[in-house]
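Read through the structure below, which is laid out as structure tokens, and then see the notes.
Owing to the predicted nature of the structure, the values given are computational and were not obtained by experimental measurement. Every number for a ligand or one of its atoms is a count from 1 in the order of the listing.
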Amino acid sequence: MKAFVPTGDTSNLARLADVPEPVPAPHEAIVAVTAYSVNRGETFLLEKPPSGWRPGKDIVGRVIKEADSGQGPKRGTRVVGHPPAFGWAERVAVPVDNLVALTEGISDARAAALPLAGLTALRLTRVAGHLTRKRILVTGASGGVGHYLTELATQQGAEVNVVTASPERAERLKALGAENAVFDVAEAKGPFDIVYESVGGESLPISLSKLKKGGNLIWFGQASRKAPRIDFFAFWNGPVSGNIRHFDYTDFDGPVSDDLKILVDLVREDQLHPEIGLEADWTETPDVLHQLRNRGIRGNAILTVTAAP
Ligand SMILES: NC(=O)c1ccc[n+]([C@@H]2O[C@H](COP(=O)([O-])OP(=O)(O)OC[C@H]3O[C@@H](n4cnc5c(N)ncnc54)[C@H](OP(=O)(O)O)[C@@H]3O)[C@@H](O)[C@H]2O)c1
């Protein structure tokens, strides 16, 4: 079958190749993939790919072989899945705990946009305590995670302030509930109870300085690839005391399918709105990765798997 494999070449990160069919473990189903989304974190991994690894964590498709364990969706079921890897392919093995059945009302593209970005946003809302009436700052807000986080935190009663690149992107975030948008983190009007920081570089110390006394900075990414420098003494010009919490979306108990089902249900109930900045045929994956890395895509990019070339 065909699948995208890493090239190790940063100017063209992945190429279509012939690879062996997936061999499922007893708790895994085989899914024929119809659409997938690509994530910034995967582009980082593609630069220095681990041996034997192929990208692909967000997929939609149909179960063509159910798990030998007898658990999970049956053959023929349309599903959204979050495999640990290998999903940019015609077929992929997915643990049944990482699969959720889809109803017809949700398109492939909207479902494929959910797993990694949606799980991260949902879990980010859980780690900072209750959000009602809290003033929140979200940096890097116009990405996959940022749109979901803006909408979910607004629904939970927070006042959401976002940092984004352009007025057009700000408008969309405001439509999802953001109260204020700025185009430079230095312009954000604190103090904030919670900062969700994912840009790194200067963005982290600047947003930290806008934290309320005793507030929480949840550090969940470094999209700029620049490590932040933090000065201990700078706290006295900012929150005086406060918390910096490193966040990893995988550090949660229970099957992924529990939270993935919450996301699917929210979409079905018209309460969560996947932001699809681009849809393309999967043969265009290398170009889409290039655009994603250059901040050219708002929300999620979705690739549709057609007949292999
Ligand atoms: N810790 C975890 O468990 C976890 C899970 C998922 C993702 N992440 C991380 O969280 C971050 C957001 O993920 P995502 O999937 O939402 O990524 P994404 O879709 O690429 O969004 C990142 C956003 O950051 C903004 N940005 C601001 N300055 C940037 C810069 N110098 N370089 C690149 N982007 C910049 C961009 O929006 P503008 O151009 O509009 O500013 C971009 O849309 C990434 O760093 C990712 O690796 C962490």
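- Side-chain contact, Asp281 with Thr306: a donor N or O sits under 3.5 Å from an acceptor N or O.
- Relative ring orientation between Trp88 and Tyr36 is described as parallel, the plane-to-plane angle staying below 30° on a 0-90° scale split at 30° and 60°.
- Scanning the protein heavy atoms around atom 11 (C) of ligand 1, the nearest turns out to be Ser198 CB, 3.8 Å.
- Close approach of ligand 1 to Gln222 is summarised as follows: ligand atoms under 4.0 Å from at least one heavy atom of the residue are 45 (O).
- Judged by a 6.0 Å distance limit and a 45° cone about the ring axis, Arg123 is not positioned over the six-membered ring of Phe247.
- Between Arg62 and Thr34, every side-chain heavy-atom pair lies at or beyond the 4.5 Å cut-off.
- Checking only distances, Thr250 never comes within under 3.5 Å of ligand 1, N or O to N or O.
- In terms of protein heavy-atom proximity, atom 40 (O) of ligand 1 is closest to Ser142 OG, 2.5 Å.
- Using a 4.0 Å cut-off between a side-chain N of Lys or Arg and a carboxylate O of Asp or Glu, Lys65 and Glu21 do not qualify as a salt bridge.
- By the side-chain contact (heavy atoms from CB on, under 4.5 Å) test, Pro255 pairs with Asp97, Ser257, Asp258, sequence neighbours left out.
- Those atoms of ligand 1 that come under 4.0 Å of a heavy atom in Thr164, given as number and element, are 40 (O).
- Salt-bridge annotation for Arg135 and Glu159: present, with a side-chain N of the basic residue lying under 4.0 Å from a carboxylate O of the acidic one.
- Closest protein heavy atom to atom 6 (C) of ligand 1: Thr120 OG1, 3.4 Å.
- Using a 4.0 Å cut-off between charged nitrogen and carboxylate oxygen, Arg78 and Asp108 count as a salt-bridge pair.
- Closest to atom 21 (O) of ligand 1 among all protein heavy atoms lies Gly143 CA, 3.1 Å.
- With respect to atom 23 (C) of ligand 1, the closest heavy atom belonging to the protein is Gly140 O, 3.6 Å.
- Considering only non-hydrogen protein atoms, atom 22 (C) of ligand 1 sits nearest to Arg40 NE, 3.8 Å.
- Remark: minimum distance from atom 15 (O) of ligand 1 to any protein heavy atom is reached at Val145 CG2, 4.1 Å.
- Here the heavy atom of the protein found nearest to atom 36 (C) of ligand 1 is Arg295 NE, 4.1 Å.
- The shortest distance between side-chain heavy atoms of Thr139 and Ser198 falls below 4.5 Å.
- No side-chain heavy atom of Ser207 sits less than 4.5 Å from a side-chain heavy atom of Tyr196.
- Distances from atom 10 (O) of ligand 1 to the heavy atoms of Tyr249, Phe220, Phe247 put Phe220 nearest.
- Ligand 1 has no nitrogen or oxygen under 3.5 angstrom from a nitrogen or oxygen of Leu292.
- Residue-to-ligand polar distances keep Val199 apart from ligand 1: every N/O pair is separated by 3.5 Å or more.
- Under the 4.0 angstrom criterion, atom 33 (C) of ligand 1 counts as having a protein heavy-atom contact.
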